Amino acid sequence: MTISEATKLSPPRATSVRPLIWIGAITTGTVVTNLFAPQILVGLIGRSLGMTALQAGLISTLTLLGYALGLLLLVPLVDLVENKRLILRTLACAIVAAIGTAMAPTPLILLAATFILGASCAAIQMVVPLVASMVPPERRGQAIGDVMSGLMIGILLSRPMASLIADSWSWRGYYLTSAVLMTVLACALARALPTLQPAAKVSYGTLLRSFPKLLREEPVLRVRSWTAALVMASFTAFWAAVALRLPDVPFKLDAKGIALFALIGVAGAAATPLAGRWGDRGLARPLLIISHLMIIGALALCAWAGVLESRIGALVVLSVGTVLLDFGITTDQTLGRRAVNLLRPEARGRINGLFVALFFIGGAVGAAAASAAWSFGGWTAVCAVAAAFGVLGFITDLVTKTGSE
């Protein structure tokens, strides 16, 4: 018996979908901050605990590595374990890990706690497909877009929010704040989430071994994961380098100015609900083409901003380019999510885990490419490399229609 035959989702109880979408958006946006906040807190944590440069560098790395393993090892349980119970228990682990990180007395304990916290943040990818499954296919893009708007806002706010909390309190205060917020959201989810019981009769090992088969059999998953990885590479390359560029002329921003500039990117999250709705109306293909062209044009503007003499003009042009870049990236991400969540309902946990794991690989490639480009040619080279990822996405649009229906 195949997994497709053995796994059937039992119908969920009746639930009010709109409040669930709102809670899902807030939850994903709150939990995801734990993945990116360490990038801004690493210096404070390292000095506080007397960590070596190598140990401090492992804080962000282990958080993201834990998340990657959570995507591959925990999210597939969605296809095997009752979803509400799984989400709440994973969130409980995240809360305990956040408290453990805040209270950590030694570098070793802190690194272990951040790894567990990263793995537990995989709850995000359990919430998104569960919410999507609560609405009919013709409205699924809208629901995913609404939840994804919370996720993108969380990603963009994570660094400035962590910086502001740490300045007002301490880095430990950030993790305690995160634990409190996740506790409140876990209580809300306990009331709002429907029960969704898969009827899989296969083993956990069989689920994990099905990953390569899913990639082989689902061209939509392959294509949309590919373009999602490309745009995530553009996103990571830009945001990894822009903090290095903003202190210099013509921008001349201090630490608080850089934190405020990061808030500009939040405007790009407005694209997620719009992209979801338009995707439901059959406009996914033209929107994907526009999104990748927007990424290319946005990065051209950002490169131009770096050579302007006027400080105000440079900041305005860079801000416009940043908003357009985030619009393009979130549009591709939302439409990709919509496409893969219309695939096999019995494999939605594994499909979402694969999708996100693959685009996070793209993010890692983008960060590495930005580092090399910055060393080779500075800001202009970074923008060129980030735009090249958008060009590859546009070429993909021209040669295939897979997953753009």
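Keep in mind it's a predicted model, so treat the numbers as computed, not measured. Each residue takes its place number in the sequence, starting with 1.
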Could you tell me whether the side chain of [Y] reaches within less than 4.5 Å of the side chain of [X], counting heavy atoms only?
| X | Y | result |
| --- | --- | --- |
| Tyr175 | Pro38 | yes |
| Tyr204 | Leu77 | yes |
| Leu64 | Phe115 | no |
| Thr334 | Arg337 | no |
| Val78 | Leu130 | no |
| Ser291 | Leu335 | no |
| Thr106 | Leu49 | no |
| Val81 | Arg89 | no |

Task: The single option from Thr101, Leu58, Leu62 passing side chain to side chain contact (heavy atoms under 4.5 Å, CB included) against Leu110 - done: Thr101

Open item on the list: Tell me which one of Leu88, Thr90, Asn83 satisfies side chain to side chain contact (heavy atoms under 4.5 Å, CB included) with Met126.
Closed with: Thr90

Could you verify whether a donor N or O on one side chain and an acceptor N or O on the other, from [X] and [Y], lie under 3.5 Å apart?
| X | Y | answer |
| --- | --- | --- |
| Arg224 | Thr227 | yes |
| Ser178 | Asn34 | yes |
| Thr33 | Tyr174 | yes |

For residues [X] and [Y], report the shortest heavy-atom separation together with the two atoms involved.
| X | Y | value |
| --- | --- | --- |
| Ser310 | Gly313 | OG-N, 3.1 Å |
| Ile99 | Ala179 | CG1-CB, 3.6 Å |
| Gly306 | Pro250 | O-CD, 3.7 Å |
| Tyr67 | Cys121 | CE1-O, 3.6 Å |
| Gly46 | Ala56 | CA-CB, 4.4 Å |
| Met182 | Val31 | SD-CG2, 4.0 Å |

To the nearest 0.5 Å, tell me how far [X] [atom1] sits from [Y] [atom2].
| X | Y | atom1 | atom2 | result |
| --- | --- | --- | --- | --- |
| Leu354 | Gln125 | CG | CD | 11.5 Å |
| Arg172 | Thr177 | CZ | OG1 | 13.5 Å |
| Ile26 | Leu181 | CD1 | CG | 10.5 Å |
| Gln55 | Thr52 | CD | OG1 | 3.5 Å |
| Leu325 | Ile329 | CG | CD1 | 4.0 Å |
| Leu253 | Leu246 | CG | CG | 5.0 Å |

Backbone of [Y] reached by a side-chain donor or acceptor of [X] within 3.5 Å:
| X | Y | answer |
| --- | --- | --- |
| Gln333 | Ala228 | yes |
| Ser319 | Leu315 | yes |
| Arg350 | Asp79 | no |
| Ser225 | Leu221 | yes |
| Glu82 | Lys84 | yes |
| Thr396 | Leu392 | yes |
| Arg209 | Lys213 | no |
| Arg222 | Leu215 | yes |
| Glu217 | Leu214 | no |
| Ser158 | Ile155 | yes |

Task: Audit row: His292, Asp332, side chain to side chain contact (heavy atoms under 4.5 Å, CB included) steps and yes/no - done: CA-CA 8 Å; His292 297 142; Asp332 177 281; 2.8 Å; yes

Task: Within 6.0 Å of CH2 in Trp374, more than 12 heavy atoms from elsewhere - done: yes

Task: Parallel, tilted or perpendicular: rings of Phe359 and Phe355 (30°, 60°) - done: perpendicular

Task: Verdict with reasoning, Phe251 to Leu318, per side chain to side chain contact (heavy atoms under 4.5 Å, CB included) - done: CA-CA 9 Å; Phe251 309 109; Leu318 185 65; 3.7 Å; yes

Task: Worked verdict on Thr331 versus Trp278 for side chain to side chain contact (heavy atoms under 4.5 Å, CB included) - done: CA-CA 10 Å; Thr331 296; Trp278 291 339; over 6 Å; no

Task: Pair Val147-Trp22, side chain to side chain contact (heavy atoms under 4.5 Å, CB included): steps then yes or no - done: CA-CA 7 Å; Val147 176; Trp22 276 103; over 6 Å; no

TODO: Can you sort out the partners of Asp397 under salt bridge (Lys or Arg N to Asp or Glu O under 4.0 Å), two or more places apart, ordered by chain and number?
DONE: none

Open item on the list: I'd like to check the ring pair (Phe, Tyr, Trp, His ring centres under 6.0 Å) partners of Trp379; sequence neighbours left out, ordered by chain and number.
Closed with: Phe238

